[in-house]
Amino acid sequence: MTECLNEDLRDLLPLLAHGSLSAADAGRVRAHMAGCAACAAELSLLQSAAAHLEASAPALDLAAITQGVQTALAQGRPALRVVPGELPAGAAAPRGAAAPPRRTWVPRQYLAAAATILVVVSLAIPFTGRNGEDPVAAPTATGPAAATDTPSVPVAESGGGTPGAAAAREALVATDGLSDLTDADLEALLDELETLEATVSAEPGTMRRAIVNTPGGI
Amino acid sequence: MGDPKSRTSEATDAELIAQWQGGDQRAATALVSRHAQSLGRFAASLGEREGIDELVQDTFVRAFQSLDTFRADSSLRTWLFTICKRLVLDRKRSERRRRNQVELDEGHAVVEYDALDGMVAEEAAGRVERAVAKLTPLQREVFSLRVTEGLPYGEIAKVVDSTEGACRVHYHNAMRLIKEYLSDD
């Protein structure tokens, strides 16, 4: 079978077979085919191939597919709304949907250790700034026990936070560490730490994303 | 104000998406009806024979769940094809792991259609079918998207993750191989 050398026109043959060619282009191709047996034969072949490919595709149950889509999306809809932390009770995340951001709860002893580090660092910063050098070795606290090694550095001026937290900081410095804090002081420190977490940490993109398809729908 | 059903059937894909996002369930149904058959054909052209309904359904679910990421720099149908293809590839990978079979390499000749050879009563149709079956998966995919879906090469390139020029070459190679097969048969 010979081939037409007009590749631009040959490129349009499958679109003519598909029926997606504009009327103007279809007329141009048909006019060409009137004098080109190769293109006419190729169009016939393409129509056979298209018919075969369409026939070989299985029949679909559109009603069942539509129902399945509606059901899946209805089940998954809660996860598509703005989810600050977790799914509503009983809501299952849809397959393929981005997992909602999860809030991880940290044991209190780790929070206490983190609070200690935070206090030590916040006390060391102004001290370093006044002297132009770092007189205190960088704290390498790795746990609550490290708080007992905290040097007797000057009490930092309150750098913000709740009054309770400031009092707790002073109490922490005045005493030997977390173990000597009262429950109220520790609570105040933890509250401040949680506030700092909320403001400092970078929110995952998925938490900022506003899901627009909220009302109704499937 | 016209009939809502008729408005839905005549609306563009973009309009239907907007309607669905506004809470109109009929818009989603219209989108499914409009594109499901094409997705089924496309899945078949990729060699899928079973569970195509489920595949098409999963494609729509994935698409609706991530419509906010659809940038409309391609048509919705092209986007659906890319989602469908990813699902097919995932399915093939799972099957391969399960059966520990050799991967269907896009560079190798395909024999998946061989089982169908004897099922075609019409000899002419059977010859065309066998010719198409001899194409590589990539050639068949490009050929199918061009012939049965009427996609421009630029859209085909997005589906098969290639270039427009390469897709044009794949199509013409496919056409040449089909002709050669038919002339030798």
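Letters A, B, ... mirror the listed sequences (proteins, then strands); counts begin at 1.
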Between [X] and [Y], what is the shortest heavy-atom contact and its length?
X        : Y         : result
Leu60(A) : Ala36(B)  : CD1-O, 3.2 Å
Arg41(B) : Ala57(A)  : CG-CB, 3.4 Å
Gly40(B) : Pro58(A)  : O-CD, 4.4 Å
Ser48(A) : Val128(B) : CB-CG2, 3.9 Å

So does Arg176(B) pair up with Glu3(A), basic N to acidic O under 4.0 Å?
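No, Arg176(B) and Glu3(A) are not salt-bridged.
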I'd like to know if the side chain of Arg146(B) reaches the main chain of Asp11(A), judged simply by a donor and an acceptor atom lying under 3.5 Å from each other, with no hydrogens or angles considered.
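Yes; judged by distance alone, with no hydrogens or angles, the pair exists.
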Do you know which of Asp53(B), Thr148(B), Val32(B) has the most heavy-atom pairs under 4.5 Å to chain A?
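Heavy-atom pairs under 4.5 Å are most numerous for Asp53(B).
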Which answer fits Ala63(A), side chain, backbone, both or neither, if we ask what part of it has an atom under 4.5 Å from a heavy atom of chain B?
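Neither part.
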Is it the backbone or the side chain of Ala55(A) that comes under 4.5 Å from a heavy atom of chain B, or both, or neither?
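The answer is neither part of Ala55(A).
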Within a 6.0 Å radius of atom CZ on Arg30(A), are there more than 12 heavy atoms belonging to other residues, nucleotides or ligands?
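Count not over threshold, so no.
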Name the region of Tyr153(B), side chain, backbone, both or neither, that has any atom closer than 4.5 Å to a heavy atom of chain A.
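For Tyr153(B), side-chain heavy atoms alone lie under 4.5 Å from chain A.
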Using non-hydrogen atoms and a 4.5 Å limit, figure out which bit of Leu39(B) sits close to chain A: side chain, backbone, both or neither.
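Leu39(B) has no heavy atom closer than 4.5 Å to chain A.
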After noting the C-alpha distance and the side-chain angles of Val147(B) and His18(A), does the key distance pass the side chain to side chain contact (heavy atoms under 4.5 Å, CB included) rule?
CA-CA 6 Å; Val147(B) 175; His18(A) 178 258; over 6 Å; no
